There are 2 protein chains.
Amino acid sequence: MSHENLDYQNRIRKQGFRLTPQRQMILDAICEGGGHTTFDEIFARVQAKAPAVHKATLYRNLEFLCDLRLVVSADLGAGRKVYEICHATPHHHLVCRECGKIEELAHHTVEPFFAQIEAAQNFAVDMDHLILFGTCPDCRNNQDKSP
Amino acid sequence: MSHENLDYQNRIRKQGFRLTPQRQMILDAICEGGGHTTFDEIFARVQAKAPAVHKATLYRNLEFLCDLRLVVSADLGAGRKVYEICHATPHHHLVCRECGKIEELAHHTVEPFFAQIEAAQNFAVDMDHLILFGTCPDCRNNQDKSP
DNA sequence: CTACATGCAAAGAGTTTGCATCCGC
DNA sequence: GCGGATGCAAACTCTTTGCATGTAG
């Protein structure tokens, strides 16, 4: 989940914006999440390195990085929101209602489903970040054992 | 989108809860939404009839009605949350990003997709209210005409 | 008459904004 | 040095909670 190959330095500077240490640390902190990270996790990681960084700066920069499409955010509902480095291929998530664990769902699994909706109803679904709730394999096992 | 056939009076009273005028008005107001209604819309409709009804009462009752499964809520992300009367069959929605229009998506279209995920990853998707964003047929036509 | 509900106000959490200062370019 | 970015604090919105009063059953 590295962001080194994104040429983010130039993509920020090209438009007259500045590559501040805070922005670099924030990008690093999102990468450390290994895929999806909450605001609080990012904030904790940044603060560990630079305690002076303010929450307002993180709010402003998450919006900024999303605008530049260096980062994408996904709203899990119920106030839960996660951020991750933006990659070329859209990908999706399965969120367990029991334990909160997040699994990945490949885009090629989702694509035929969207295509089917388009064929049937002429509605072009455009979700680069689908979130599906349910029960993960582990929790399904535990439920079977203790009904 | 009537709720008269839900036997909601008894379903509330059976468990020792009370059928207050406020609760009736709130149920009515959700129905008026014709499918999905935001908190503010419900509040405005209730206040039009009874200005004394407090926001806290609406918060408490929306949670209460969702607990009793008389109402379901769907989180559209970005702070957008809608409520509607709960019906037997789960149903899903296609939301147009351009015009905001909401179309229905039949459950039998969605079911095989969930089954496929379960077969592949052993993850039991449990969404009785899937929301998919995209572009509706009308807006797709308009886009073609003016690129 | 009893316990659940309501209205009110105040507290709480999460996020945004105005402004002086700072610093990348 | 210019203009964008930061840190700070205050403001703001949205939601929840405690409590006295009201009222459905």
Side-chain angles (χ1 to χ4, degrees), chain A residues 7-30 36-68 70-71 73-83 100, chain B residues 7-30 37-68 70-71 73-83:
Chain A
D7 192 31
Y8 68 91
Q9 292 96 336
N10 286 328
R11 285 173 65 185
I12 288 176
R13 287 200 263 248
K14 276 274 168 59
Q15 316 193 28
F17 301 114
R18 292 178 187 173
L19 183 63
T20 61
Q22 288 88 337
R23 282 183 181 157
Q24 297 207 53
M25 282 190 288
I26 290 168
L27 281 168
D28 288 345
I30 296 172
H36 3 69
T37 317
T38 64
F39 180 94
D40 290 337
E41 288 165 347
I42 299 169
F43 185 63
R45 290 197 198 104
V46 170
Q47 284 242 314
K49 292 181 186 168
V53 174
H54 202 269
K55 258 186 184 174
T57 301
L58 183 50
Y59 279 113
R60 280 190 276 232
N61 273 313
L62 287 174
E63 192 185 349
F64 169 81
L65 293 169
C66 286
D67 284 351
L68 258 67
L70 286 168
V71 169
S73 70
D75 200 317
L76 306 189
R80 299 209 301 160
K81 196 169 183 177
V82 293
Y83 299 87
Chain B
D7 191 32
Y8 68 92
Q9 292 96 338
N10 286 328
R11 284 173 66 185
I12 288 176
R13 285 200 265 247
K14 276 274 168 60
Q15 316 193 28
F17 300 116
R18 293 178 187 171
L19 182 62
T20 62
Q22 288 89 337
R23 281 181 183 160
Q24 297 207 51
M25 282 190 290
I26 289 168
L27 281 169
D28 289 345
I30 296 172
T37 317
T38 64
F39 179 94
D40 289 337
E41 289 166 347
I42 299 168
F43 186 63
R45 289 195 198 106
V46 171
Q47 284 241 315
K49 291 181 188 171
V53 175
H54 203 270
K55 256 185 185 173
T57 302
L58 184 50
Y59 279 114
R60 280 189 278 232
N61 272 314
L62 286 174
E63 192 184 351
F64 169 81
L65 293 168
C66 286
D67 284 352
L68 257 66
L70 287 169
V71 170
S73 69
D75 201 317
L76 306 189
R80 300 206 302 160
K81 196 169 184 178
V82 292
Y83 299 87

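The sequence lines fix the lettering, A, B, ..., with proteins before strands; numbering per chain opens at 1. All values derive from a computational prediction rather than experimental measurement.
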Exercise. Look up atom CD1 in Ile12(B) and atom OG1 in Thr20(B), then write down how far apart they are to the nearest 0.5 Å.
Key: 7.5 Å
Exercise. Could you tell me the separation between the CZ atom of Arg23(A) and the C1' atom of dC22(C), rounded to a whole number of Å?
Key: 14 Å
Quiz item: Do you know which two heavy atoms are closest between Arg18(A) and Arg23(A), and how far apart they sit?
Solution: O-NH1, 2.7 Å
Quiz item: Of Ala52(B) and Lys55(A), whose closest DNA chain C nucleotide lies nearer the 5' terminus?
Solution: Ala52(B)
Exercise. Can you figure out which of dG4(D), dC4(C), dT15(C) approaches the side chain of Arg18(A) most closely?
Key: dG4(D)
Quiz item: Looking at Thr57(B), does any N or O in its side chain come under 4.0 Å of the phosphate oxygens OP1/OP2 on dA5(C)?
Solution: no
Exercise. For dT23(D), take OP1 and OP2 only and decide whether either is under 4.0 Å from a side-chain N or O of Gln22(B).
Key: no
Quiz item: What integer distance in Å separates Ile42(A):CD1 from dG14(C):C1'?
Solution: 15 Å
Quiz item: For the side chain of Phe17(B), counting heavy atoms from C-beta on, which of dA9(C), dA5(C), dG4(D) is nearest?
Solution: dA5(C)
Self-check item: Phosphate OP1/OP2 of dC4(C): any Thr20(B) side-chain N/O under 4.0 Å
Solution: no
Self-check item: Between P of dC4(C) and NZ of Lys14(B), the distance in whole Å
Solution: 19 Å
Quiz item: How many Å lie between CD on Glu63(A) and C1' on dA5(D), as a whole number?
Solution: 14 Å
Quiz item: What integer distance in Å separates Leu58(A):CG from dA5(D):C1'?
Solution: 14 Å
Quiz item: Heavy atoms under 4.0 Å, any strand shown: does Ala56(B) hit a base, just sugar-phosphate, or nothing?
Solution: base
Quiz item: Does a nitrogen or oxygen in the side chain of Tyr59(A) sit under 4.0 Å from OP1 or OP2 of dT15(C)?
Solution: yes
Quiz prompt | Candidate pair Ile42(B) and Thr38(B), rule side-chain contact (heavy atoms from CB on, under 4.5 Å), full reasoning | solution = CA-CA 6 Å; Ile42(B) 299 168; Thr38(B) 64; over 6 Å; no
Practice problem: Measure from CG on Asn61(A) to P on dT15(C) and round the result to the nearest Å. | Solution: 16 Å
Quiz item: More 5' along DNA chain D: His54(B) or Leu19(B), using each one's nearest nucleotide?
Solution: His54(B)
Quiz item: Do any side-chain nitrogens or oxygens of Arg60(B) fall under 4.0 Å of OP1 or OP2 in dT6(C)?
Solution: no
Exercise. Give a yes/no on whether any side-chain N or O of Arg13(A) is located under 4.0 angstrom from OP1 or OP2 of dG24(C).
Key: no
Exercise. Determine the minimum heavy-atom distance between Arg13(B) and Leu19(B), stating which atoms define it.
Key: NH1-CB, 3.9 Å
Exercise. Check whether NZ of the Lys or CZ of the Arg Lys81(A) lies under 6.0 Å from the centre of the six-membered ring of Phe39(A) and within 45 degrees of that ring's axis.
Key: no
